[in-house]
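Proteins come first, then strands; the chains are lettered A, B, ... in the order of their sequence lines, and each starts at number 1. Source: prediction; values computed, not measured.
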Protein chains: 2
Amino acid sequence: MVEEGPVTQGPVTQREFGRLLQGLASEMNLLGHDFAADSGLHATDVQALLAVLRAADPPGITPGGLRAELGLTSGAVTAVLDRLERAGHVHRTRDEADRRQVHVHYHPAATRIAGEWFAPVAECTDRVRAEFAPEQVATVVRFLARMTEELAELRRQRRADRA
Amino acid sequence: MVEEGPVTQGPVTQREFGRLLQGLASEMNLLGHDFAADSGLHATDVQALLAVLRAADPPGITPGGLRAELGLTSGAVTAVLDRLERAGHVHRTRDEADRRQVHVHYHPAATRIAGEWFAPVAECTDRVRAEFAPEQVATVVRFLARMTEELAELRRQRRADRA
DNA sequence: GCCGATCTCTCAATGATTGAGATATTCTCC
DNA sequence: GGAGAATATCTCAATCATTGAGAGATCGGC
């Protein structure tokens, strides 16, 4: 009873806020695990497939981009893409302008499969979003974008410091 | 302007919203990778260590709890804990009431090391939080909590359906 | 054109993860 | 109380993802 007091800014300590963020990230990770298990893929392959799916496909994401986005070494990315390609989820094309680069594209079937599997998740998201007023949703969106941006900047800076 | 037809809920489409969430989760994952690289640990070990750190320590988290929270098999959890214990980050105690169970506790040193490494991340979080009014932060907190809860419920239900 | 830089892939070595089974403990129901 | 089912953790051999160094191919600046 005593600890339920404050409501606005004070009640959520930095630590609790971190816990919330970690908890959500963890839960999303587990969704990936489940999708992997259901699809006969591995957790890493799913992360890669999702990264490919959420990349703009006109250009398509490069193995190097995946390397940066998944935190893997180049050999691991090649292996992941080999597995995804062998399973028929993605295919590679070589950039004609810069022939060193490769672009990874998803197959329509992969979109459909992932879309169907994640449909209940999307419903989940919609359900939660519906609990918030439009301007509140906008606030959440702004927060998510800013947080992501700020963390990316932090990592970028750290990388620069290391060199 | 023209192609924004299927607006499910306000200005942000469901797809964009999912992208935002995935992007943030991905970024947080990469932070874990970097911490792992700097600490001589593996990505999984870091996830486990963070899970131990954010668990209430009076009881301490069990290997089974970690198994559920990381999506690993029992053998993998044992291996992870062996590594973390060997590195001096955590230690195991056996529950006296139910001697089948084990509780994992972090060493104070682990808290300090992780705390120091993640201090800039915490500053990041604070910086972003400072950009929002108290009631907006409260909205974000509520959203994070509800989203996590809903996703956890979805996974729980799926697990039940499978059986 | 040439040299350094960039991007991807190869490959052997390492080691993390799996999955079935063993062990120990608790719970349930007669 | 005691037999059997259920639960929690650990063991271990087999599998396979990941690492890390290096090769091959291509581009950009001078």
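Salt bridge B:R158/A:D34: absent, no basic N to carboxylate O contact under 4.0 Å. The pair B:E69-B:R54 meets the salt-bridge criterion, since a charged nitrogen lies less than 4.0 angstrom from a carboxylate oxygen. With salt bridges taken as basic N to acidic carboxylate O contacts below 4.0 Å, one links A:R146 and A:E150.
In this structure, the nucleotide among D:dT19, C:dT18, D:dT11 sitting nearest to the side chain of B:T78 is D:dT11. Distances were taken from every side-chain heavy atom of A:T73 (C-beta onward) to each of D:dG20, C:dC9, D:dC10; the shortest belongs to D:dG20. Of the listed nucleotides (D:dT19, D:dC27, C:dT8), D:dC27 has the atom at the smallest distance from the side chain of A:R99. With distances taken from any side-chain atom of B:P63 to the nucleotides D:dC10, C:dT17, C:dC9, the minimum falls on D:dC10. The side chain of A:D98 has D:dT26 as its nearest neighbour among D:dA6, D:dT26, D:dT19.
For B:G64 and A:H42, each mapped to the nucleotide of DNA chain D holding its nearest heavy atom, the one lying further toward the 5' end belongs to B:G64. In this structure, A:H33 and A:S74 both approach DNA chain C, and ranking their closest nucleotides by distance from the 5' end singles out A:S74. Both A:V80 and B:T62 lie near DNA chain D, and the one whose nearest nucleotide falls closer to the 5' end is B:T62.
Judged by distance alone, the side chain of B:H103 and the main-chain N or O of B:G60 form a donor-acceptor pair under 3.5 Å. With B:S39 contributing its side chain and B:F35 its backbone, the two residues share a donor-acceptor pair below 3.5 Å. Using modelled atom types, no side-chain atom of A:R92 and backbone atom of A:V104 make a donor-acceptor pair closer than 3.5 Å.
Contact annotation: B:R92 reaches the phosphate of D:dC10 (side-chain N/O to OP1 or OP2, under 4.0 Å). The side chain of A:R83 contributes an N or O atom lying less than 4.0 Å from OP1 or OP2 of D:dT18. Phosphate contact (OP1/OP2 of C:dT17, side-chain N/O of B:T44, threshold under 4.0 Å): present.
Going from atom CG of A:L72 over to atom C1' of D:dA17 covers 10 Å, rounded to whole Å. With rounding to whole Å, B:D95 atom CG is found 11 Å from D:dA8 atom C1'. Summarising the geometry, the separation between CD on A:Q101 and P on D:dT26 is reported as 14 Å, rounded to the nearest angstrom. A straight line from NE2 of B:H103 to P of D:dT9 spans 8 Å, rounded to a whole angstrom. The separation between B:L81 atom CG and D:dC10 atom P is 7 Å, rounded to whole Å. Summarising the geometry, the separation between CZ on B:R94 and P on C:dA24 is reported as 11 Å, rounded to the nearest angstrom. Summarising the geometry, the separation between CG on A:D82 and P on D:dC16 is reported as 15 Å, rounded to the nearest angstrom. Between the CG atom of B:L70 and the C1' atom of C:dT18 there is a distance of 15 Å, given to the nearest Å.
The base of D:dT7 is paired with the side chain of B:R100 by a donor and an acceptor separated by under 3.5 Å.
Within the nucleic acid shown, B:A97 comes within 4.0 Å of sugar-phosphate atoms alone, with no base atom in reach, counting heavy atoms only.
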